[in-house]
Each structure stands twice: as C-alpha cells, then as structure tokens.
Amino acid sequence: MEPKTNEAFIPSPSPPSLSLSLSLSLSENCNSQRADMGGDGRVTGEQEEDSSLSEDSSQLSSQLLRNRVSMNMEDAAVDEQPGPCFQEFCGVGSQISSASLDFEADQRMENVYRKILQSYDDLRIRSKDLEEAKSKILSYTPGAWIDRVGAVKPRDYDVPNTTTVLLVGPKGSGKSSLVNRISKVFEDDKFASERAQVSYNSSIGDGTFFLHEYMIPRCSSSFCLYDTRSLSDNSPENIKILKHWMEHGVRHGELVVRDSDSPSLRNTMMYKDRDDDYLSSEIKNVNFVIFVVNGLSVLKSMESDEDAETQYTELIASAFKSRYLAFKDDKPLLVVTHGDLLSLDERARIRVHLGELLGIPPTTQIFDIPESSDAVTQLTIVDMIRYSLEHAEKNLPRKRKVETLSLLSCMLLLLFLSIAIMIMYAPANILQHGYCPSPQAHVHNNPTPPSPPSSTSLQEHIQHDSSAEEHIDSSPLPRVDLQNIRIDWSKIRHLWLDDRIEWSKIRHLWLDE
C-alpha cells in the first residue's frame, strides 16, 4: 500500500451562476434601500424630480452590479482554463489576495456611490433652511471663525481685512460663470447684471487675461473671489504662475502673461493693458483656493483612451497636487461644473473618479454645481463658500514678534547721546560771547534814558565812543573756572527774556557816560 501524500488544498472559484444570483440579490437590496431613503413623501414636494432621482440611483446601482457580474464571469472563465499544475499551485496565493483586494475596493466604491446619492437627498431636505445658511455667510467677518486651539488667541493671528479666495482651473471650466452664480446667491437684487465676463464659446474665445476681484456681496468687504486666467497645457508653466500668486499675492487688474504666449497675443494683451489706472495698488495674500473643472471634459477623459482626452485629467492632477496650492495639510476645494448636461449617474461617477485621482473625499470636498438656480444648487454654493472660509480661518498665519528689547535699547542710546551733546556744547556757546554785565544794574542806575545828543556835542560823543571801544578791546577776558561753574538752566532764560528791558533802547546801556 502506497502512503497517502498531502495534497495542497486549492479552492475552486465560485461558478458564474452563484455570482449572478448573489449580484441579483444584492441589486434588489440596493433598490429597496434606495426606496427607503427616498420615501413617498418628499419634503420639497417635487415628485417628478424625486422619481427621477430614485430611477437614476437604481440605474447606478444596477450598472455597478452588472459590471461586477461581468467581471466575475470573466474571472471564472479564465480560472476554468487548463494550465500546468506548477503554475496553478504558484498562482493560488496571488489569486486569493487579488480577489480579496478587488472585493474590498468594490465594496468601498459602492459605499461611496451610495453616500454621494444620499447627499443629493440630504440637500433637498436641507434646502428649506437655505436662508439661515445664507445669513451665516453674510454675517461673516475675517477672524470670526478662528479655532481657539491651545494657548493661541485670535489676536495672535495676522487677520486680513478681507479674506481672499482664488479660483483656478483649466480653460472652459466655468470660473467666471461660477463667480456670477455665487454673487447672485448672496445678493438681494435679482435683476442685477452679471459681474464677470463669460466666454460663450471657450474654444474660440479669448477668456480671462486679467486678475479680477469680486467682493461678495458687492457692498461688503468680508471676503472676495479672484477670477484668474485659465491654466495652459504646459504643466511647468502653470506651476510657475501658481507659485507667483501664492507667494507674492494677487492684485486686481494685473495682466497674466505666459512664456508660451505668441507675439500677436502679447500685443493684443498689451493693448488691453494700456489703461494703467485700472491696476490696483493693493496686493492681497491668498487665503484659500477653489479648483474648478468641467464635468463633461472629465467624463470624456474617463471613457476615452486617446491622449488628447486623458491629458485633461493629467493636467488637473498636476496642478491640483502642486504644493503651492496647499495650506499645511489642507488641499484645495474642487468644484465640478456643467452638471446640468449630465445625468445623476454620470455626475456621481465623476466625483468618485476625481476623488480617487486627487486623493480627496468625494462627498465632502468635491461640490457638484450645475448651471441652475434651484434651491439645491444655491445650498451647495453656500456650503462650498462656508467650507472655503472655515479652512481659510484655520490656516491664518501667526503675527511676527517684534524685538522690543533692541528697539528700546536704541531709543535709550539716542537719548543719552542727545544729553551728552547738550552738556558738551552748551558751555562753549556761552563762553564765546565773553562776560556779559548785568543789564538790570544799568536799568536801576539810569531809570530814565538820556536825551539824544545835540548837534553841537555830536563830535565829542563820537570821540568818547571810540575811546570806549578801545578800552573794551584792550581789556582782557576774565578767566572762568570750568570745573566750578554751575549753570541754572531754569533761570538762564530770564537773562534775555526779561520783560523790563526795552530792546529799542539797549544801545544806551553801552554808550552811557
């Protein structure tokens, strides 16, 4: 009898029929859950939109499950193909691990899809509180939403006068149109014209060449949006421009010139920039960034293998992951536009794809804003602005500490030097005029000034004056002991500012006989 050998246990793949039955049951459960989420009585009362939403949700779940069923059947067909025993034995571990990883990825993707679809229902329910959410934004002031972390106080931060939010994105992403929609949400005047110039056909339009500042709302100065020139197809050039904006700030009316611009385009832009008064003198630091993408272009890039289509998502990933757009650990916020031209299934797929591509949560950091003005879209805009302002407040820079000790030392040094100069030069100025007799003695000795000399004695008076001058010039100057001299600075001003001296007659003090 031959001894029994231990054979490796190789799990057989599940048959396609079993996978199909599990998938169909899972599909029924998903549809029942979607029906329970929606309910028959909607808060908004729009039964047509609710039914379309439930229909899109069921289509999305069924499409995901059909893809999973087809993948399982293909895997089962591949597993049933015969092969060498050694290769089958070596590939058992990799098949099990890859299958488990794919299952976990599918589960995670399905959960994300469900959360995204559920978020649209939540927005409809929360839309009744739109005015309350808007009032929260309208009452915002810079520095009001700073988190009190540790011992840091709000006065320790460098709070700007106006919070600046920068809009960036590829060409045709809809940045200017987004500015107009945001402005209309927070303004009471529904008949006001659009503020930003929108290109009707982005393929042939010039687009935005200058930086434009828009206060939200118009009469406020709490926060502003900056519309910028679109990103180019050259990623290094985009990084260079983004670095300049984030490090040196932005200024209203500034012309954005690229290195790749043709001479004719440069001449056109320079002619538009002929008005120098349009350029603002105030430079503002960027506090947060909103990255805007076109949902249609993203969907084409997802469904196409051509380089021209996939280049769009590569451009988005290169600019979005730039270290200049990040504030510490916070990445920019992402807005998907042109959702009104897409189905709910496609909009959810785009958000999941961008979340996987850029590494951000699709449900909380990617906002789907279609070209519409319903309450759900307005609430999405309000949530987007609140997210931007909260993260801008979170990453405000600290105030720089000034070296007060060195400044005080300099002031004391200047004070001591001033006192030393006064002490050194004040006695020299007094000795330069020599000994000055007291004018008060002459005033008391001659209470009345002498009468003017007559014409007969004028010659004698002149001779007397010349002898007096010779006597004064020949007399030696008295010696003054500088060591024992003491000057009363509080009384020295009375020597020259005595009210009893008549300066018009002071010459008689020296010419009196």
Gap between atom CD1 of Ile360 and atom CG of Leu334 - 0.5 Å precision: 5.0 Å

Audit row: Phe291, Ile316, side chain to side chain contact (heavy atoms under 4.5 Å, CB included) steps and yes/no: CA-CA 9 Å; Phe291 204 101; Ile316 293 174; 4.0 Å; yes

Atom pair CG (Leu396) and CG (Asp156), whose distance is rounded to the nearest 0.5 Å: 12.0 Å

Main-chain N/O of Ser221 paired to Thr162 side chain as donor or acceptor, under 3.5 Å: yes

Check: Glu237 and Asp259 side chains under 4.5 Å, non-hydrogen atoms: yes

Passing candidate, side chain to side chain contact (heavy atoms under 4.5 Å, CB included) with His338, options Leu299, Asn294, Val293: Asn294

Point-to-point distance, once rounded to the nearest 0.5 Å, from OG of Ser220 to CD of Glu187: 11.0 Å

Residues Arg347, Ile116; criterion side chain to side chain contact (heavy atoms under 4.5 Å, CB included); working and verdict: CA-CA 9 Å; Arg347 291 157 65 179; Ile116 292 176; over 6 Å; no

Side chains of Thr377 and Asp374, donor plus acceptor under 3.5 Å: yes

Leu138/Phe186 under side chain to side chain contact (heavy atoms under 4.5 Å, CB included): CA gap, chis, key distance, verdict: CA-CA 7 Å; Leu138 294 175; Phe186 296 101; 4.0 Å; yes

Close side-chain approach of Arg351 and Ser119, heavy atoms under 4.5 Å: yes

Nearest atoms (heavy-atom pairs only) where Thr163 meets Glu393: OG1-OE2, 4.1 Å

Which residues share a side-chain contact (heavy atoms from CB on, under 4.5 Å) with Thr164, sequence neighbours left out: Cys224, Tyr226, Val250, Lys284, Asn287

Over all atoms of both residues, closest heavy-atom pair of Pro142 and Asn161: CG-O, 3.4 Å

Salt bridge (Lys or Arg N to Asp or Glu O under 4.0 Å) partners of Glu314, counting only residues at least two apart: none

Other residues, nucleotides, ligands: >12 heavy atoms within 6.0 Å of Glu247 CD: yes

Worked verdict on Asp383 versus Arg126 for salt bridge (charged side-chain N to carboxylate O under 4.0 Å, His left out): CA-CA 11 Å; Asp383 292 342; Arg126 292 176 50 232; 3.2 Å; yes

Pairwise side-chain contact, Met302 with Glu346, heavy-atom cut-off 4.5 Å (strictly under): no

Main-chain N/O of Arg195 paired with Asn180 side-chain donor or acceptor, under 3.5 Å: yes

Shortest non-hydrogen contact from Ile239 toward Tyr324: CG2-CE1, 3.7 Å

Lys331 vs Leu358, side chain to side chain contact (heavy atoms under 4.5 Å, CB included): CA-CA, chis, key distance, verdict: CA-CA 10 Å; Lys331 297 179 181 180; Leu358 305 178; over 6 Å; no

Selection residues 125-154 - residue pairs positive for ring pair (Phe, Tyr, Trp, His ring centres under 6.0 Å), sequence neighbours left out: Tyr140-Trp145

Flag if over 12 foreign heavy atoms under 6.0 Å of CG, Asn267: yes

Leu265 CG to Arg258 CZ distance, which is reported to the nearest 0.5 Å: 8.5 Å

Arg386 side chain reached by Ile137 side chain, heavy atoms, under 4.5 Å: yes

Sidechain-backbone polar pair: Gln311 side chain, Ser301 backbone, donor-acceptor under 3.5 Å: no

Donor + acceptor pair across side chains of Asp305, Thr310 (<3.5 Å): no

Polar side-chain atom of Asn285 near backbone of Gly249 as donor-acceptor pair, under 3.5 Å: no

Distance, nearest 0.5 Å, that separates OH of Tyr312 from OG of Ser304: 14.5 Å

Under 3.5 Å donor-acceptor, Thr268 side chain and Ser264 backbone: yes

Neighbour count >12 (heavy atoms, 6.0 Å) for atom NZ, Lys134: yes

Beyond-backbone contact of Ser388 with Leu333, side-chain heavy atoms, under 4.5 angstrom: yes

Polar contact flag, side-chain donor to acceptor under 3.5 angstrom, Lys175-Ser230: yes

Donor-acceptor under 3.5 Å (Ser127 side chain, Arg124 main chain): yes

Side chain Ser135, main chain Glu132, donor-acceptor under 3.5 Å: yes

Nearest heavy atoms of Leu130 and Gln378, plus distance in Å: CD2-OE1, 3.2 Å

Side chains of Thr228 and Val256 in contact at under 4.5 Å (non-hydrogen atoms): no

Side chain Ser173, main chain Pro170, donor-acceptor under 3.5 Å: yes

Ring geometry between His212 and His252 (parallel below 30°, tilted from 30 to 60°, perpendicular above 60°): perpendicular

Interatomic distance, Leu211 atom CG to Leu166 atom CG [nearest 0.5 angstrom]: 8.0 Å

Check against salt bridge (charged side-chain N to carboxylate O under 4.0 Å, His left out), Arg114 and Glu110: CA-CA 6 Å; Arg114 288 179 178 177; Glu110 184 178 351; 2.8 Å; yes

Phe210 six-ring centre to Arg229 NZ/CZ under 6.0 Å and within 45° of normal: no

For the student: nearest non-hydrogen atoms of Leu123 and Leu379, plus distance: O-CD2, 3.7 Å

Closest non-hydrogen atom pair between Arg181 and Thr337, with its separation: NH2-CG2, 4.2 Å

Polar side-chain atom of Asp340 near backbone of Glu371 as donor-acceptor pair, under 3.5 Å: yes

Donor-acceptor side-chain pairing of Ser176 and Asp227 below 3.5 angstrom: yes

Note, Asp368 side chain near Thr380 side chain (heavy atom, < 4.5 Å): no

Minimum side-chain heavy-atom gap Val336-Val298 below 4.5 Å: no

